[in-house]
Visitor: 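Structure below; questions to follow.
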2 protein chains.
Amino acid sequence: MINFSVFSELVMLSMEDICRDIFHEHADSIKTKKEKIVVKNLVIIFNATLKLSNMKGFQAMSVRDLSRETGLSMGALYSYFKGKEELLDMIQNQGLRITSRILNEQIENESDARNRLRAAIRTHLFLSEVLQPWFYFAYMEAKNLSKRLQKQAIESELYTEKLFIDILDEGRRRGDFKVENSILAAALIKAVLQDWYLKRWKYSRRNIAVDEYADYIISVIERIIIE
Amino acid sequence: MINFSVFSELVMLSMEDICRDIFHEHADSIKTKKEKIVVKNLVIIFNATLKLSNMKGFQAMSVRDLSRETGLSMGALYSYFKGKEELLDMIQNQGLRITSRILNEQIENESDARNRLRAAIRTHLFLSEVLQPWFYFAYMEAKNLSKRLQKQAIESELYTEKLFIDILDEGRRRGDFKVENSILAAALIKAVLQDWYLKRWKYSRRNIAVDEYADYIISVIERIIIE
DNA sequence: GTCTATAGTGCGATAGAC
DNA sequence: GTCTATCGCACTATAGAC
């Protein structure tokens, strides 16, 4: 399995790539035309939005707050998005793309079910460690998304869960595991993975590192699925 | 253990009791003086607030929305609370009191560690089933609370978790369990209990009932803690 | 005890200067 | 490409009628 610092770099490169994609897709609403400037400012805007939203909620964050935080004026901000709703959409999209891209890349590298399960758990934890603000944001603001994006978020949740169900079922078929209820087992895995980024304060207060947490979860899952 | 319909009734009675307490504590800001009217309207206001907040967030819910939903005018609403913030406080308080009261009552009834653990899990799930809107609300709006109430929410989370840690440690001391890491085990229990009320749509879509979920969690925990 | 009407505030969004 | 100035709107909160 990939190590954490290489992993971080991979994610950061992905972030810029995807900001570039977003720029080209929203070419009509982004008035600025120089790619380098746009990508630089989009990263600043996204990070500031995540910071402010995670403190007091996206609705409660005003564009004036965002202006103060980014150092850009109201007018400048509105040359990057049509309105608050489009900003929400762009951020949601960026995160979904990065996570699904990286998660799939990492799982494909592993051959047997047990290693795929371990890789999936570790990768998800690493991802939510590097992109903690986005994961928290996506969870907390899901109900404020447009109907279309809400559906996308639900699909993403179910997709990740299906990924775990499939690994568990494959392991059972090959005789590696003896999992009784792969649906509830996958739901349990998702729940504990989410706890890691939603309750960040709890684990950091207790000095529990991501590796320790990963090892613990894997050991618990292996107790559930192995006779 | 108590059955679910008796349990529901117990909670509902508790709710009125606590609205009565809230009325007396906020006697200065609640202009209406007839207890019966106040309690009736507080229950209506609280439920409407939970409904609207859980759809689009407390900040995004305007007092006008609340007026429409409750059938009370703006003026009438403002005779029950000084402002939106006080409303938030009252609701947060009401839920915290009910849950800690009921949880303690139910656990005290059980004698040995294994039954206390089962009772704690079942009671927490039943509570979050009856009071699902409040549990969801408390989780999602935690970051919008005043500093004082934010501290209260954290204490409440840690208190419930400590309750599980203590049961696990007691079981280990008496030789009932063989739990390796009671802190991480308790965190895992909390995470899956929270998933039940935060991802309500997922479990109801799959027709998983609260009893089935409770049994599953208990069986998983017993695999973790028992050699 | 509850209503209607309104004062005052701060927001999202834009037009035009630089 | 970014800034400053401003418009119109929806909101919280209150005062006074009933």
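Here the structure is a predicted model, which is why all the values come from computation and not from measurement. Order of the sequence lines sets the chain letters (A, B, ...), proteins ahead of strands, with each chain counted from 1.
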Visitor: Could you tell me how far apart B:Y80 (OH) and C:dG1 (P) are, to the nearest whole angstrom?
Guide: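 Between P of C:dG1 and OH of B:Y80: 8 Å.
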Visitor: What do you reckon, is NZ of B:K34 surrounded by more than 12 foreign heavy atoms closer than 6.0 Å?
Guide: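 Check fails, neighbour count at 12 or below.
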Visitor: Would you please test B:Q194 and A:K199 for side-chain hydrogen bond (donor to acceptor under 3.5 Å, both in side chains) and show each step?
Guide: CA-CA 12 Å; B:Q194 274 164 354; A:K199 294 279 173 57; 2.7 Å; yes
Visitor: Please collect all ring pair (Phe, Tyr, Trp, His ring centres under 6.0 Å) contacts where either partner lies in residues 18-37 of chain B, sequence neighbours excluded, each pair once.
Guide: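 For residues 18-37 of chain B: none.
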Visitor: With heavy atoms under 4.0 Å as the rule, sort A:T32 into base, sugar-phosphate or nothing.
Guide: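 The answer is sugar-phosphate, as A:T32 gets under 4.0 Å only of primed atoms, P, OP1 or OP2.
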Visitor: Find the distance A:F23:CZ to D:dG1:C1' and express it as a whole number of Å.
Guide: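 To the nearest whole Å, that distance equals 13 Å.
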Visitor: What's the closest nucleotide to the side chain of A:K84 if the choices are C:dG1, D:dT2, C:dG12?
Guide: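 Of the options given, the side chain of A:K84 lies nearest C:dG12.
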Visitor: Please report the distance, rounded to the nearest Å, between CZ in A:F81 and C1' in D:dT2.
Guide: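 Nearest whole value for this atom pair: 14 Å.
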Visitor: When you compare the protein's N or O atoms with those of nucleotides 14-18 of chain D, which come within less than 3.5 Å of each other, and at what distance?
Guide:
none

Visitor: Which parts of residues 40-65 of chain A get close to DNA chain C, meaning a heavy atom less than 4.0 angstrom away?
Guide: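 Of all residues in residues 40-65 of chain A, the ones placing a heavy atom under 4.0 Å from DNA chain C are A:M61, A:S62, A:V63, A:R64.
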Visitor: Could you give the CD-to-P distance, from A:E35 to D:dG1, as a whole number of Å?
Guide: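 Rounding to the nearest Å, CD of A:E35 and P of D:dG1 are 13 Å apart.
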Visitor: Can you tell me how far P of D:dT2 sits from NZ of A:K33, to the nearest Å?
Guide: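 About 13 Å, once rounded to whole Å.
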Visitor: Between D:dC3 atom P and A:L66 atom CG, what is the distance in whole Å?
Guide: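 Checked: the CG to P distance equals 13 Å.
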